[in-house]
Amino acid sequence: MAKDYKDTLLMMKTNFEMRGNLPQKEPLVQQKWNEMDLYHQILKRNEHKPYYVLHDGPPYANGNIHIGHALNKILKDFVVRYKNMSGFKVPYIPGWDTHGLPIETALTKAGVNRKELTPSEFRRKCEEYALQQVENQKMQFKRLGVIGDWENPYITLQHDYEAWQIKVFAKMVSRGLIYKGVKPVYWSWSSESALAEAEIEYMDKKSPSIYVTFDVIDPKNVLNGDEKFIIWTTTPWTIPANLAISVHPKLEYAVVQTSVAKYVVAHELVEKLAKELNWENVSVTKVIKGQDLEFVKCKHPFYDRESVVILGEHVTAEATGCVHTAPGHGEDDFIVGKKYNLGVLCPVDEQGKLTKESVYFEGLHVDDANKAVCKMLEEKGALLKLTFITHSYPHDWRTKKPIIFRVTPQWFASIDALKDTMMKEVKSVNWLPNWGDTRLGNMIKDRNDWCISRQRVWGIPIPVFYAENDEEILDEKVINHIAELFAEHGSNIWFEWEAKDLLPVGFTHPSSPNNKFRKETDIMDVWFDSGSSHHSVLVNRGLPYPADLYLEGSDQYRGWFNSSLSTGVAMTDHAPYKNVVSHGFVLDGEGRKMSKSLGNVIDPLKIINTSGADILRLWVASVDYQSDVRISDDLMKQLSESYRKIRNTFRFLLGNLFDFDVTKDTVKYEDLGEVDKYVLIKLNEVTKEVLNAYEHFAFDIVYRTINNYISQFLSSFYLDFTKDILYIEKADSRARRNIQTVFYENLMRLAKLLSPLIPHTTDEVYSHCNNQEAASIHLTDMPKVENYANEAEILTKYEKFMTLRNDVLKALEEARNAKVIGKSFNAKLTLYPNKATKELINTLNANLQQIFIVSQFEVKNEVAPENAYQFDNVAVLVENANGHTCARCWQVVETLNEDELCTRCDRVLK
RNA sequence: AUAUCCAUAGCUCAGCUGGUUAGAGCGUCCGUCUGAUAAGCGGAAGGUCAAUGGUUCAAGUCCAUUUGGAUAUACCA
């Protein structure tokens, strides 16, 4: 029976638990951060360093956070934490977007009846609701481990935020960028209001389907003049607003002779139409390219008015290929009409009744107008066919009544005037991924002016007054005065106070001889809210403009990147950001979009409560976030494994440093063993790569580099063979202190390098270290890249050695399979190297027997025996070591003393 | 429909300016240890690089088309 010497070994000792228990532990860590006010301590520590500003894009304050929010906020936290450890002062002011439709509808769904409340009362309810949502999301974001000024966030409904937004508007007014125009909107005659897209529901509707002819009156050398264009429509009531017929420039059109008349329709549709309209003796007499029909003139079927033929890309080869165009009643029609300067006709009022402008149909509701128009068309001989069809048509989601398109007056911000500067600025910004400039550039290039008005109540009012003659008063001074008032009282006063109280004292206007003024009732597009944040937040709080970084999902090219650029350029002629990083969207394990109906939604809060925030953060770090990313339970499991490896490595390092005092026991680099130096050099390489990756926002490289180093190098190589020294040798033996020095350096560097990614874990690791330099690892700096002596030489030498080691390991494995040995301590190893390898071995200043973890080791300069494993540069003979196993260190040696100890252990114990 | 992007082992990713048998980690399987033990160590298996066509002596890498997917915008008269 062997004696038990376990007590004489210097086994690892630590309270750092093997199991993370992150869902339980992380809240405690976060509580500690809270109590010590870590955020402000970090800023205080970096007080005199230069700013690095990551300006937060505000999420919409509604509902629980989803995985996309988590991805976004965690990425930002990586940057904030890294930069704060790298020589910068990095404030992070989280923000929320709080105005707009979703909150209005959330309240409506909760049973608040808007019609029973004054706008001001309703707005107060919205505000209350929004602030609740902010609190909820704030709690959830904090649980992700995101550090920031949570006590003092920016919220778009805050008074000073509103005030700055108005100032931005004032500046744009002063530059002449704000004007009033018209635009077709979804209009619900049943609720007499404009509707947002989200308030529309598609339902089946029975509509008339009519074919209408337009007589050519000016053939423009391409036609004869006796032809008729045929259009098709399901909304006869829009015929009074017809101003043009659109054809596609690339489509071919045919002149069709029938027994009754000559028609112009798309060539490829002739056959279909012949059947549909019961034509007889059909013959195509001419084929004309659409683009040649441009400016041919027709007569409106019942007005003494022209309807010109124009070209539109929106035209498709359906129905007749000739599209009835009423710019007042359709988005496409409006756009193409604008191109041709057709003007806009909209003879329909708020209730959906035709106006005097329509002459024959005044007072008729659109449904009745349909009949009247058809009758009129028939009388004029312009109606070829009338049937009824059922099709999907937009309806008001509340009243369930069909909606119409109708032009209404709206406020616009001119983008045209800013376009050149915007394009220039886009080029000067650093985009990551670098296709960002193409994408945003393309959008700006063909972007129309920005419609900034909404016919709603929950938002920042458009601070414009109307004089008695309805002239709009666009006066920078007046608007800035409103800004001052909003700063003090909030924007609700716009709805509560009289116009005269909102205007500067003694304000007069030539168009208001009686000093009467009317307030604009429209509010601003929420994109204007968040788009003003560079001033409402950065400038307002004394932070530098432009920000160093915007980091958002790729949907924000159209959204926040875009709106912020517009207002930023309007304010300063410069983009509000120097760098823009965008990330992709989170898809499920199969690459499908997450949706409630598919049931594939992954909830970040659930992951946090089952695995922990650091696991979720590790996921963010592990994926290529610049394109779309996937998440699944399987992936989470995989990351948990990976996390365990990291955690265990930290635990092992900590456990073997229990008796190490950095100030006293550290061994200088030049006094270390060669292998120890090699490990430090590798660690230095890792440091270099990781820091470089952080600089490029390449967190996946950070993760992978460290992960590979830890599992492939540190754990399997260095930590494995050094146990024989750490446990066995005397506590303060030189070899042991060497190793502990290297361990300590690894522990500190890896913990710091990983701190931005898994801050809870590294904080926990740090709190288990002896000799802490700061109250938290987050109050330390990133490790520096060292310049070690003979770095390159040692590195190349040992990299070669590692391939030799691979051969040895393989030979040991073969021997294990052949039952020659079990554990490697059973082995006697003999190497038969070729010349180069022999030279390599000779230059190694290391204990190879120890590194290979075998009991006996020999290098022979002769031909390898048959039973050796043959590799390219070496043959390896593995035999069962013969002798006796030391009861303490388990090595097989030739002789043991009477206490069953080898000479080494005997020496150590004495 | 348009703009931009994505597609390499079961999973997450490498693969630079085209050049020998396409790499790594995780997972899987097998083995080993029992002094990191709900751990540690070792080995092995796994890929017609989304498809098709082209350029080239040579293509995962360049070009075109297609398919599937993502985001945004538009459209359904």
Enquirer: Could you please name the option among B/G25, B/U71, B/A39 that lies closest to any side-chain atom of A/Phe585?
Expert: B/U71
Enquirer: When you measure from the centre of the six-membered ring of A/Phe713, is the NZ or CZ of A/Lys682 under 6.0 Å away and within 45° of the axis?
Expert: yes
Enquirer: Looking at the side chain of A/Asn648, which of B/G42, B/C26, B/A39 is the nearest nucleotide?
Expert: B/A39
Enquirer: Sticking with atom P, work out how far B/G60 lies from B/G18, rounded to a whole angstrom.
Expert: 13 Å
Enquirer: Give a yes/no on whether any side-chain N or O of A/Thr238 is located under 4.0 angstrom from OP1 or OP2 of B/A77.
Expert: no
Enquirer: Look at all strands and tell whether A/Thr325 reaches a base, only sugar-phosphate, or nothing, counting heavy atoms closer than 4.0 Å.
Expert: nothing
Enquirer: Which whole-number value in Å describes the distance from A/Ile710 CD1 to B/C41 P?
Expert: 12 Å
Enquirer: Using a heavy-atom cut-off of under 4.0 Å over every strand shown, decide if A/Lys445 touches base, sugar-phosphate, or nothing.
Expert: nothing
Enquirer: A/Ile403 has an atom CD1; how far is it from atom C1' of B/A77, in whole Å?
Expert: 14 Å
Enquirer: With centres under 5.5 Å and planes under 30°, do A/Trp890 and B/G35 count as stacked?
Expert: yes
Enquirer: Under 4.0 Å between any heavy atoms, over every strand shown, what does A/Gly822 touch: base, sugar-phosphate, or nothing? Just pick one.
Expert: sugar-phosphate
Enquirer: Is A/Lys723 touching bases, backbone alone, or none of the nucleic acid, heavy atoms closer than 4.0 Å?
Expert: base
Enquirer: Whether A/Lys819 contacts B/G31 is assessed here as follows: a side-chain N or O lying under 4.0 Å from the phosphate OP1 or OP2. Is that the case?
Expert: no
Enquirer: Across all strands shown, which nucleotide pairs with B/G46 by Watson-Crick or G-U wobble geometry, both distances under 3.5 Å?
Expert: none
Enquirer: Please compare A/Ile728 and A/Asn707 by the position of their nearest nucleotide in RNA chain B and report the one closer to 5'.
Expert: A/Asn707
Enquirer: Going by atom types alone, do A/Thr325 and A/Ser246 pair a side-chain donor with an acceptor below 3.5 Å?
Expert: yes
Enquirer: What's the base orientation of B/G46: syn (chi within 90° of 0) or anti?
Expert: syn
Enquirer: Is there a Watson-Crick or G-U wobble partner for B/G19 with both distances under 3.5 Å, and if so, which one is it?
Expert: B/C57
Enquirer: Between B/A36 and A/Tyr727, is there an OP1 or OP2 to side-chain N/O distance shorter than 4.0 Å?
Expert: yes
Enquirer: Determine the interatomic distance between C1' on B/U55 and the same-named atom on B/A64; round to the nearest Å.
Expert: 11 Å
Enquirer: Do the non-hydrogen side-chain atoms of A/Tyr557 and A/Asp555 ever get within less than 4.5 Å of each other?
Expert: no
Enquirer: Can you tell me the distance, in whole Å, between the CD1 atom of A/Ile851 and the P atom of B/G42?
Expert: 15 Å
Enquirer: Mark yes or no for a side-chain to base donor-acceptor pair under 3.5 Å between A/Glu813 and B/G42, with no hydrogen or angle criteria applied.
Expert: yes
Enquirer: Expressed in whole Å, how much space separates the P atoms belonging to B/G46 and B/A3?
Expert: 43 Å
Enquirer: Taking only the side-chain heavy atoms of A/Val623 (C-beta and beyond), determine which of B/A3, B/A72, B/C13 contains the nearest atom.
Expert: B/C13
Enquirer: Using the P atoms only, state how far B/G47 lies from B/G23, rounded to an integer number of Å.
Expert: 14 Å
Enquirer: In whole angstrom, give me the gap between the P atoms of B/U52 and B/A9.
Expert: 16 Å
Enquirer: Using 4.0 Å as the upper bound for N to carboxylate O, is an ion pair formed by A/Lys338 and A/Asp333?
Expert: no
Enquirer: Which nucleotide, B/A36, B/A14, B/A77, lies nearest any side-chain atom of A/Ala319?
Expert: B/A77
Enquirer: Classify A/Lys6 by what it touches in the nucleic acid, base, sugar-phosphate, or nothing, heavy-atom distance under 4.0 Å.
Expert: base
Enquirer: Taking atom types as they are modelled, is there a donor-acceptor pair under 3.5 Å from the base of B/C11 to the side chain of A/Gln638?
Expert: yes
Enquirer: In whole Å, I'd like the distance from the CZ atom of A/Phe561 to the P atom of B/U4.
Expert: 18 Å
Enquirer: Quickly work out the A/Asn806 CG to B/G42 C1' distance and round it to whole Å.
Expert: 11 Å
Enquirer: Measure from NZ or CZ of A/Arg447 to the centre of the six-membered ring of A/Trp450 and say whether it is under 6.0 Å with the direction within 45° of the ring axis.
Expert: yes
Enquirer: Give one of base, sugar-phosphate or nothing for A/Leu9, where a contact means two heavy atoms less than 4.0 Å apart.
Expert: base
Enquirer: Are A/Glu689 and A/Arg704 ion-paired here, with the side-chain N under 4.0 Å from a carboxylate O?
Expert: no
Enquirer: Keeping A/Trp431 on the side-chain end and A/Val581 on the backbone end, is there a donor-acceptor pair under 3.5 Å?
Expert: no
Enquirer: Looking at the base of B/A36, is there any donor atom on it, or on the side chain of A/Ser715, that sits under 3.5 Å from an acceptor on the other one?
Expert: yes
Enquirer: Can we call the ring centroids of A/Phe405 and A/His329 under 6.0 Å apart?
Expert: no
Enquirer: Atom CG of A/Leu10 and atom P of B/A36: how far apart are they, to the nearest Å?
Expert: 14 Å
Enquirer: Please state whether the phosphate of B/U34, meaning OP1 or OP2, lies under 4.0 angstrom from any side-chain nitrogen or oxygen of A/Lys823.
Expert: yes
Enquirer: Distance between the C1' atoms of B/C62 and B/G10, in whole angstroms?
Expert: 31 Å
Enquirer: Between P on B/U4 and CG on A/Asn434, what's the gap in Å once rounded to a whole number?
Expert: 14 Å
Enquirer: Would you tell me if any nitrogen or oxygen in the side chain of A/Arg439 comes within less than 4.0 Å of OP1 or OP2 on B/C5?
Expert: no
Enquirer: With heavy atoms under 4.0 Å as the rule, sort A/Arg651 into base, sugar-phosphate or nothing.
Expert: sugar-phosphate
Enquirer: Please determine, for B/G68, whether a Watson-Crick or G-U wobble partner exists with both distances under 3.5 Å, and give it or none.
Expert: B/C6
Enquirer: Any chance the side chains of A/Gln850 and A/Gln891 put a donor and an acceptor closer than 3.5 Å?
Expert: no
Enquirer: Does A/Lys385 count as lying over the ring of A/Tyr211, i.e. NZ or CZ under 6.0 Å from the six-ring centre, within 45 degrees of the axis?
Expert: no
Enquirer: Would you indicate which nucleotide in B/G43, B/U32, B/U4 comes nearest to any side-chain atom of A/Trp435?
Expert: B/U4
Enquirer: For a quick test of reading the model: is some side-chain N or O of A/Lys645 closer than 4.0 Å to OP1 or OP2 of B/G40?
Expert: yes
Enquirer: Taking a pair as Watson-Crick or G-U wobble with both distances under 3.5 Å, which nucleotide is matched to B/C75?
Expert: none
Enquirer: Does A/Thr234 have a side-chain nitrogen or oxygen under 4.0 Å from the phosphate oxygens OP1 or OP2 of B/A77?
Expert: yes
Enquirer: At 4.0 Å (heavy atoms only), tell me whether A/Arg447 reaches a base, stays on the sugar-phosphate, or touches nothing.
Expert: nothing
Enquirer: Nearest whole angstrom, please: distance from the C1' of B/G40 to the CZ of A/Phe652.
Expert: 9 Å
Enquirer: Rounding to the closest angstrom, what is the interatomic distance between B/C33 and B/A39 at atom C1'?
Expert: 11 Å
Enquirer: Which listed nucleotide (B/A14, B/A3, B/A72) is nearest to the side chain of A/Asp700?
Expert: B/A14
Enquirer: For atom C1', what is the distance between B/U56 and B/A14, given to the nearest Å?
Expert: 26 Å
Enquirer: For B/G25, what is the paired nucleotide under Watson-Crick or G-U wobble rules, both distances under 3.5 Å?
Expert: B/C11
Enquirer: Using both distances under 3.5 Å as the test, list the Watson-Crick or G-U wobble partner of B/C41, or none.
Expert: B/G31
Enquirer: Using a distance-only criterion (donor-acceptor N/O pair, under 3.5 Å, no hydrogens), is the base of B/U12 paired with the side chain of A/Arg630?
Expert: no
Enquirer: So, is A/Gln712 near the phosphate of B/G25, with a side-chain N or O under 4.0 Å from OP1 or OP2?
Expert: yes
Enquirer: From the list B/G27, B/G25, B/U71, which nucleotide is the closest neighbour of the side chain of A/Glu641?
Expert: B/G27
Enquirer: Between A/Arg805 and A/Ile335, which is nearer to the 5' end of RNA chain B once each is assigned its nearest nucleotide?
Expert: A/Arg805
